[in-house]
Structure formats: C-alpha cells, structure tokens
Amino acid sequence: KNQVEQSPQSLIILEGKNCTLQCNYTVSPFSNLRWYKQDTGRGPVSLTIMTFSENTKSNGRYTATLDADTKQSSLHITASQLSDSASYICVVCMFSGGYNKLIFGAGTRLAVHP
Amino acid sequence: DTEVTQTPKHLVMGMTNKKSLKCEQHMGHRAMYWYKQKAKKPPELMFVYSYEKLSINESVPSRFSPECPNSSLLNLHLHALQPEDSALYLCASSQEGTAISYEQYFGPGTRLTVT
C-alpha cells in the first residue's frame, strides 16, 4: 500500500531553536518527494521538491534530505521563527494512470513559542 | 504570477442548496485539481482536469460536479450536500498532469460548512 508516515505528530519548540521532522514512505513507483508548509485554513505552499537522485535541498532556513534507499526524508528548520508555526506535510509523488498522483502524509504540527 | 485564487473564502449552505466554488489561475497551467481536506487530515484528491478534460474522478459522489469552462477556470458545483461534506476545498494547478517534476500550486481554499 502506498503510504507516507510522518513523525512526530506535533512538536513545540522555542523561538530560535532548530528542529527536524521525519518522513518515511512506501510509495512505488517513486517520482519525487515534496515538503509543504500549510498554515491553518490555508492551502499548502511548497518548500522543496527532490527527485531520487537528490540527497539534500535547501530553501532558506529549511533543509530537506532524502535517502531513496531507506525511503526516508527529513526537514530541518534552523533558527525557528514564530511564523514557522504551521503544519508541515511530506508528499510523495508517484506517476500513476498517466498523471502525477500525490500521496500526502498526515503532517507534523509545529508550534514555535516565544 | 504564481497565484491560484479561490472564491468564496467561506461558504455556509443548507442541504437543499445549490452552490458553486470557483478557482482561477493565470499561469498557463493545463492541469487543475480539486482536493477535499478535513480538519487535521491531509488533502484528498477529488478530481483532475488535464487540458480541460476530466481525467481523474476519485469515486466522488455525484452531488459534487466539476466543470472546467476554459484553461484558466475550474468550478465545483455542489448540490444536496451532507453535513459530513463540510471541509476545506482546495484547488491546485500544475503545468501538466503527466510531467513528473511539475509543481502543484495550491489556492487558499474555500471553507465549506453544510448545515
């Protein structure tokens, strides 16, 4: 079964601290892996996209890693800010039925406190 | 312009009402999507339009009726909904549905409440 699992479900950190979110997947065939940030009641916004040949990709204070062998990814947030409070969703893209199908994880809800 | 717009932002409707959700993009994208998202759950794909033709219907009940009048617009017509249909409805678009690495851009969503 194609699944994306994320951990932890929720996380509270203090402003300025770093954190790492985890994603494990069992999606096949794999096309790429994406991390999205979703503020409450808003649409997801893309942070990174990685293909199987990419090990790491950065977007400002966000750095994503991908290990295609173990089917694991992580999202590291550096020097967190209050505006980082959101849900972070790991999404694996598979090519199925002639189009890109996104398999969503349940997300990690991050709260950054002052 | 990398924006997908959705209207209305909020919608409250009764179970006998007929309403429509609208989505618009001007990025020249040829694939457009409707997702449903319940609270604290990931988005669930409902429909995919590719080149203005319905290519994917994820077994969505017929009380939801999509329409793609042109390459920039996507509508979702609602009729005889149930309270359990209350959710955030997200629209997304991408350059094409078939290309592997094309990014999907999401709109802000319409918060639907069925009373």
Side-chain angles (χ1 to χ4, degrees), chain A residues 2-6 8-10 21 23 25 27-54 57 59 64 66 68 86-111, chain B residues 2-6 8-11 21 23 25 29-51 53-59 86-113:
Chain A
N2 293 307
Q3 280 187 318
V4 177
E5 295 183 349
Q6 293 187 242
Q9 280 189 324
S10 60
L21 314 180
C23 173
Y25 61 93
V27 177
S28 181
F30 173 90
S31 290
N32 56 63
L33 185 145
R34 310 163 183 210
W35 282 94
Y36 284 88
K37 177 185 179 185
Q38 185 175 22
D39 294 311
T40 302
R42 306 287 294 179
V45 175
S46 177
L47 297 175
T48 62
I49 297 179
M50 290 184 291
T51 62
F52 73 92
S53 60
E54 296 176 291
K57 184 165 280 190
N59 178 359
L66 174 63
S87 285
Y88 290 84
I89 306 174
C90 177
V91 182
V92 178
C93 181
M94 59 181 291
F95 194 67
S96 173
Y99 83 104
N100 279 318
K101 183 170 184 177
L102 302 186
I103 311 297
F104 288 81
T108 292
R109 286 184 293 283
L110 175 66
Chain B
T2 57
E3 188 178 24
V4 176
T5 59
Q6 290 186 243
K9 289 186 178 180
H10 302 276
L11 178 63
L21 309 184
C23 173
Q25 57 87 14
H29 289 174
R30 303 312 301 268
M32 297 186 76
Y33 311 77
W34 279 116
Y35 290 87
K36 174 184 178 180
Q37 186 176 24
K38 301 285 277 185
K40 299 185 180 180
K41 297 289 187 182
E44 299 174 7
L45 182 65
M46 300 174 72
F47 303 103
V48 179
Y49 271 82
S50 181
Y51 290 89
K53 294 190 187 306
L54 183 64
S55 57
I56 298 290
N57 177 340
E58 292 283 345
S59 302
S86 299
L88 181 69
Y89 287 84
L90 295 166
C91 174
S93 71
S94 63
Q95 276 189 270
E96 285 186 45
T98 55
I100 292 175
S101 61
Y102 284 148
E103 178 63 79
Q104 280 193 26
Y105 293 87
F106 285 84
T110 292
R111 172 70 61 189
L112 174 67
T113 302

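Every value quoted in this text rests on a predicted model; they were computed, and no experiment measured them. Chain A is the first sequence line, chain B the second, and so forth, proteins listed ahead of strands; every chain is numbered from 1.
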Out of [options], return the one with the most heavy atom pairs under 4.5 angstrom to chain A.
| options | result |
| --- | --- |
| B/Gly109, B/Gly107, B/Pro43 | B/Pro43 |
| B/Gln37, B/Arg111, B/Gln6 | B/Gln37 |
| B/Lys40, B/Glu44, B/Lys41 | B/Lys40 |

TODO: With a 4.5 angstrom heavy-atom cut-off, could you sort out which part of A/Gln9 is near chain B: side chain, backbone, both or neither?
DONE: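 The answer is neither part of A/Gln9.
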
Could you measure the distance from the [atom1] atom of [X] to the [atom2] atom of [Y]? Nearest 0.5 Å is fine.
| X | Y | atom1 | atom2 | answer |
| --- | --- | --- | --- | --- |
| B/Phe106 | A/Ser46 | CZ | OG | 9.5 Å |
| B/Gln104 | A/Arg34 | CD | CZ | 6.0 Å |
| A/Lys101 | B/Glu58 | NZ | CD | 4.5 Å |

Open item on the list: Within the 4.5 Å heavy-atom criterion, are B/Tyr33 and A/Leu102 side-chain neighbours or not?
Closed with: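 Not in contact.
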
Open item on the list: Counting C-beta onward and ignoring hydrogens, is there a side-chain heavy-atom pair between B/Leu90 and A/Pro44 closer than 4.5 Å?
Closed with: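 Counting from C-beta outward, B/Leu90 and A/Pro44 do come under 4.5 Å.
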
TODO: Using side-chain hydrogen bond (donor to acceptor under 3.5 Å, both in side chains) as the criterion, list what pairs up with A/Trp35, not counting sequence neighbours.
DONE: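 In terms of side-chain hydrogen bond (donor to acceptor under 3.5 Å, both in side chains), with neighbours along the sequence ignored, A/Trp35 is linked to A/Ser73.
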
Open item on the list: Applying salt bridge (charged side-chain N to carboxylate O under 4.0 Å, His left out), can you list everything that pairs with A/Lys57, at least two apart in sequence or on another chain?
Closed with: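 Residues passing salt bridge (charged side-chain N to carboxylate O under 4.0 Å, His left out) with A/Lys57: A/Glu54.
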
Open item on the list: Minimum heavy-atom separation for B/Pro42 and A/Gly105, please, with both atom names.
Closed with: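 Closest heavy-atom pair between B/Pro42 and A/Gly105: CB-O, 3.1 Å.
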
